[in-house]
Amino acid sequence: MVDKAVDNVLEVENLNVWYRGSSLKKERQHVLHDVSFTLRRGEILGLVGESGSGKSTLGRAILGMEKDVEGTVRHYTKRPQMVFQDPAGSLNPSFTAGRSLSEPLYIYGKYDKTEVERRVRETLQMVGLEDAHYDRYPHELSGGQKQRLCIAIALIQKPGLIVADEPVSALDVTIQAQILQLIAKLRRELGISYLFISHDLNVVYQLCERCLVMKNGCIVEQGAVEQLFDAPQHPYTKELLRAAE
């Protein structure tokens with residue numbers, strides 16, 4: 001469903017996900033339990049929890065990347081995309097930045113070569129990269145430049161929603177701040193909505209309006225970020241806040 005005139009870009013209702021076990025019986029492991037939430041148009045919604053809580057699984061399930069799923073996921077926007085934690089692992093080492101950005105346009109769009117190059121260079125500029133980066137390979141880019149390129153690849157198809165899975169955790173503090181500023185800038189200028197996945201409550205407080213708290217595959221608390229910080233209700237939220245001090 002696309003471009004419905006509603007305030008939400010994403011609605012998730014009673015979402016359950018299972019993994020297959022490694023045993024010969026291949027028993028199902030229930031990893032997400034009745035997850036429900038909405039993501040508003042133009043909003044950056046945080047998703048926090050410790051490693052193994054199910055955050056990344058939820059992000060993949062939203063984008064149709066999990067197979068054993070029950071529940072409802074409704075998209076009211078075009079071409080949702082994902083930005084992953086490890087920018088180096090997300091990029092094809094044999095592709096230049098220009099080719100990495102061009103491929104989706106040639107595959108999914110009806111653009112001539114001139115239009116593709118224009119879009120690519122425009123998108124590079126949008127994420128703070130220069131024309132000089134067009135012909136560079138991933139090994140010729142810094143960690144921050146790699147993540148900017150990954151964000152550009154997500155942007156090139158003009159999505160309404162980006163799932164950002166720990167996009168700054170592999171970067172040093174200075175570069176983290178720059179990438180967070182870029183995400184906020186793109187939201188302001190393009191109206192993109194984000195599901196921003198992080199284990200760092202301080203980062204979420206800096207960037208997000210609302211937050212979901214996940215533990216053992218369940219959303220245990222959700223609400224405005226300031227409310228969760230000032231008056232957390234669930235013991236697990238309180239535990240995360242103590243760890244972030």
Side-chain angles (χ1 to χ4, degrees), residues 2-12 37-48 55 59 62-63 75-85 87 90 97 100-101 104-105 118-131 133 141-212 222-229:
V2 177
D3 288 341
K4 185 175 179 179
V6 296
D7 291 333
N8 298 328
V9 296
L10 176 69
E11 296 174 355
V12 177
F37 67 93
T38 59
L39 176 54
R40 300 165 186 161
R41 195 170 301 276
E43 178 184 38
I44 304 180
L45 176 64
L47 174 61
V48 299
K55 305 187 303 298
I62 287 168
L63 297 185
H75 289 278
Y76 301 114
T77 185
K78 295 180 180 179
R79 296 177 288 272
Q81 300 292 313
M82 195 161 189
V83 175
F84 295 94
Q85 177 179 2
S90 303
S100 291
L101 286 165
L105 297 180
R118 185 194 67 78
R119 286 263 311 260
V120 168
R121 293 189 184 277
E122 182 181 84
T123 306
L124 283 173
Q125 184 179 20
M126 196 179 298
V127 300
L129 295 175
E130 301 174 357
D131 280 349
H133 294 107
L141 303 175
S142 68
Q145 289 169 344
K146 288 187 183 77
Q147 195 59 291
R148 288 176 186 272
L149 177 57
C150 289
I151 293 171
I153 293 169
L155 287 177
I156 197 72
Q157 294 186 66
K158 299 185 177 180
L161 168 65
I162 291 179
V163 177
D165 188 3
E166 299 273 10
V168 299
S169 62
L171 307 173
D172 66 43
V173 174
T174 302
I175 304 303
Q176 279 188 18
Q178 294 174 4
I179 297 299
L180 293 176
Q181 289 170 5
L182 173 62
I183 289 171
K185 171 178 173 285
L186 294 171
R187 189 272 295 269
R188 289 193 307 271
E189 295 180 355
L190 304 178
I192 296 172
S193 303
Y194 293 89
L195 178 64
F196 184 87
I197 300 171
S198 179
H199 66 279
D200 190 335
L201 273 172
N202 291 319
V203 169
V204 168
Y205 184 81
Q206 177 183 343
L207 188 67
C208 304
E209 292 93 350
R210 291 191 303 130
C211 182
L212 313 172
Q222 58 180 298
V225 167
E226 291 186 358
Q227 174 188 333
L228 292 183
F229 268 71

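Only heavy atoms go into these numbers, but all of them, side chains included; no hydrogens, no water, no symmetry mates.
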Subject >> Qualifying residue for side chain to side chain contact (heavy atoms under 4.5 Å, CB included) with Leu45, from Ile197, Thr38, Leu39 >> reply: Leu39
Original post:
Quick one: salt bridge (Lys or Arg N to Asp or Glu O under 4.0 Å) partners of Glu122, sequence neighbours excluded?
Top reply: Arg118
Original post:
Does a side chain donor of either Tyr194 or Glu43 reach within less than 3.5 Å of an acceptor in the other side chain?
Top reply: no
**OP:** Only counting residues at least two apart or in another chain, list the ones meeting salt bridge (Lys or Arg N to Asp or Glu O under 4.0 Å) with Lys158.
**Re:** none
Original post:
What's the spacing between Met82 CE and Leu195 CG if we round to 0.5 Å?
Top reply: 8.5 Å
Original post:
Can you find a heavy atom in the side chain of Arg148 that is under 4.5 Å from one in the side chain of Ile179?
Top reply: yes
Original post:
How close do Cys150 and Ser90 get, heavy atom to heavy atom, and via which atoms?
Top reply: SG-CB, 3.9 Å
Original post:
Quick check: does any side chain N or O of Thr123 sit under 3.5 Å from a backbone N or O of Ile156, one acting as donor and the other as acceptor?
Top reply: no
**OP:** Would you check if the side chain of Arg210 reaches a backbone N or O of Gln222 as a donor-acceptor pair within less than 3.5 Å?
**Re:** no
Original post:
Atom SG in Cys211, atom CD1 in Ile44: separation rounded to 0.5 Å?
Top reply: 12.5 Å
Subject >> Non-hydrogen atoms of Cys208 and Val225 that approach each other most closely >> reply: O-CG2, 3.4 Å
Original post:
Between CD1 of Ile175 and CG of Leu180, what distance do you get to the nearest 0.5 Å?
Top reply: 11.5 Å
Original post:
Looking at Lys55 and Asp165, does any basic side-chain N land under 4.0 Å from a carboxylate oxygen?
Top reply: no
Original post:
So which of Val168, Val83, Leu182 actually passes side chain to side chain contact (heavy atoms under 4.5 Å, CB included) with Gln147?
Top reply: Val83
Original post:
Is the count of non-hydrogen atoms from other residues, nucleotides or ligands lying under 6.0 Å from Glu226 atom CD greater than 12?
Top reply: no
Original post:
Checking Arg41 side chain against Asp7 main chain: does a donor-acceptor pair fall under 3.5 Å?
Top reply: no
Subject >> Short side-chain to backbone donor-acceptor contact, Gln181 and Gln178, under 3.5 Å >> reply: no
**OP:** Would you mind listing every side chain to side chain donor-acceptor pair (under 3.5 Å) that reaches into residues 195-206, with sequence neighbours excluded?
**Re:** Glu166-His199
Original post:
In Å and rounded to the nearest 0.5 Å, what is the CD1 to CG distance from Ile62 to Leu161?
Top reply: 7.5 Å
Original post:
Counting distance only, does the side-chain N/O of Gln157 pair as donor-acceptor with the main-chain N or O of Leu155 below 3.5 Å?
Top reply: no
Subject >> Phe196 side chain reached by Pro167 side chain, heavy atoms, under 4.5 Å >> reply: yes
**OP:** Could you tell me whether the side chain of Gln176 and the main chain of Leu171 form a donor-acceptor pair under 3.5 Å?
**Re:** yes
Original post:
Counting distance only, does the side-chain N/O of Lys78 pair as donor-acceptor with the main-chain N or O of Pro159 below 3.5 Å?
Top reply: no
Subject >> Distance (rounded to the nearest 0.5 Å) between Asp172 CG and Ser142 OG >> reply: 9.5 Å
Original post:
Judged by atom type as modelled, is there a donor-acceptor pair below 3.5 Å linking the side chain of Arg187 to the main-chain atoms of Ile192?
Top reply: no
Original post:
Side chains of Val48 and Leu212: closer than 4.5 Å at any heavy-atom pair?
Top reply: no
**OP:** Examine distances only and state if a side-chain atom of Glu209 and a backbone atom of Ala224 form a donor-acceptor pair shorter than 3.5 Å.
**Re:** no
**OP:** Determine, stepwise, if the pair Leu186 / Met126 fulfils side-chain contact (heavy atoms from CB on, under 4.5 Å).
**Re:** CA-CA 8 Å; Leu186 294 171; Met126 196 179 298; 3.8 Å; yes
Subject >> Distance in Å, Gln125 CD paired with His133 NE2, rounded so as to fall on 0.5 Å steps >> reply: 13.0 Å
Original post:
Judged by atom type as modelled, is there a donor-acceptor pair below 3.5 Å linking the side chain of Asn8 to the main-chain atoms of Leu10?
Top reply: no
Original post:
Nearest heavy-atom pair of Ala154 and Ile162: which atoms, and what distance?
Top reply: CB-CD1, 4.1 Å
Subject >> Glu11 side chain reached by Phe37 side chain, heavy atoms, under 4.5 Å >> reply: no
